[in-house]
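Below you'll find the structure, written out as structure tokens, and then a few comments.
Model, not experiment: these values are computed from the prediction.
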Amino acid sequence: METKNKLPSNPFGDRQPPPPPPKPLQDSKIADGQLDDFRTAKFDSHWNDPPTKIFEKSNAQADHVQVEYIPRLQALVDSLQQSFTNGPDKKITSDIVKRLGPLLDEAQAEQMDKHVAKAVDQLCTALEAQDWAQANQLHGKLMMEQYNTHGQWLLGVKRLINLTEKLHTKNS
């Protein structure tokens, strides 16, 4: 008796074969190619996309801020040097000049972060307006955020605030 491997005539055995796949719809939108698979869909603006404006860099505004406060800061230091020509205040003034050197160098080389430059600009505005509380508040904020990177000139800024206040209260 020979046994041959014979394939059954129906590979599904007693079961019925699955129905054939449906034929594509002949809808006019599909035929025109207006409907696409979601994987190839192109969205102009998705509800969850961030606005492109947040990715734009506004270097012109940052450059403007950096250039603006350098002469103002220098004028504040110059007024201290002219007012305090002897005594301990002269030593403090020379220390301020030494400590603010790196700040002015960074600003002139345009290597300062935008938010730091803006804070120094606001600090100069507060000093010019003789708003000592605002100047001290801005200095405190800078000390908390930037002490590790700018600690040397921040101490000079604190001394600048104190000596400028002393100069204006002495003249008043």
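- Looking only at atom types and distance, the side chain of Q146 has a donor-acceptor partner in the side chain of H115 under 3.5 Å away.
- Under a 3.5 Å cut-off, the side chain of N136 and the backbone N or O of W132 do form a donor-acceptor pair.
- Considering CZ of F84 and CG of D89, their distance stands at 4.5 Å, rounded to 0.5 Å.
- Residue K118 holds its NZ atom at 14.5 Å from CG of L123, rounded to the nearest 0.5 Å.
- Using a 4.5 Å heavy-atom cutoff, the side chains of D78 and Q74 are in contact.
- The two residues Y69 and A107 make their nearest non-hydrogen contact at OH-CB, 3.2 Å.
- Note that the CG atom of L80 and the CG atom of L163 stand 5.0 Å from one another [nearest 0.5 Å].
- Counting all heavy atoms, side chain and backbone alike, A135 lies closest to A126 at N-CB, 3.8 Å.
- A pairwise comparison of heavy atoms in A119 and L138 identifies O-CD1, 4.4 Å as the closest pair.
- Within the 4.5 Å cutoff, side-chain heavy atoms of H168 are placed close to those of T164.
- Between the side chain of T125 and the backbone N or O of D121 there is at least one donor-acceptor pair closer than 3.5 Å.
- Distance check: Q137 CD to L142 CG gives 11.0 Å after rounding to the nearest 0.5 Å.
- Using a cutoff of 4.0 Å between basic side-chain nitrogens and carboxylate oxygens, D95 and R99 are scored as salt-bridged.
- Rounded to the nearest 0.5 angstrom, L76 CG and R72 CZ are separated by 8.0 Å.
- Under the 4.5 Å side-chain heavy-atom criterion for Ile, Leu, Val, Met, Phe, Trp and Tyr, M143 and L155 are members of distinct hydrophobic clusters.
- Screening L160, L127, V157 against L73 for a side-chain contact (heavy atoms from CB on, under 4.5 Å) leaves a single residue, L160.
- H150 contributes atom NE2, which lies 6.0 Å from atom CE of M112 (distance to the nearest 0.5 angstrom).
- At least one side-chain heavy atom of V120 sits under 4.5 Å from a side-chain heavy atom of W153.
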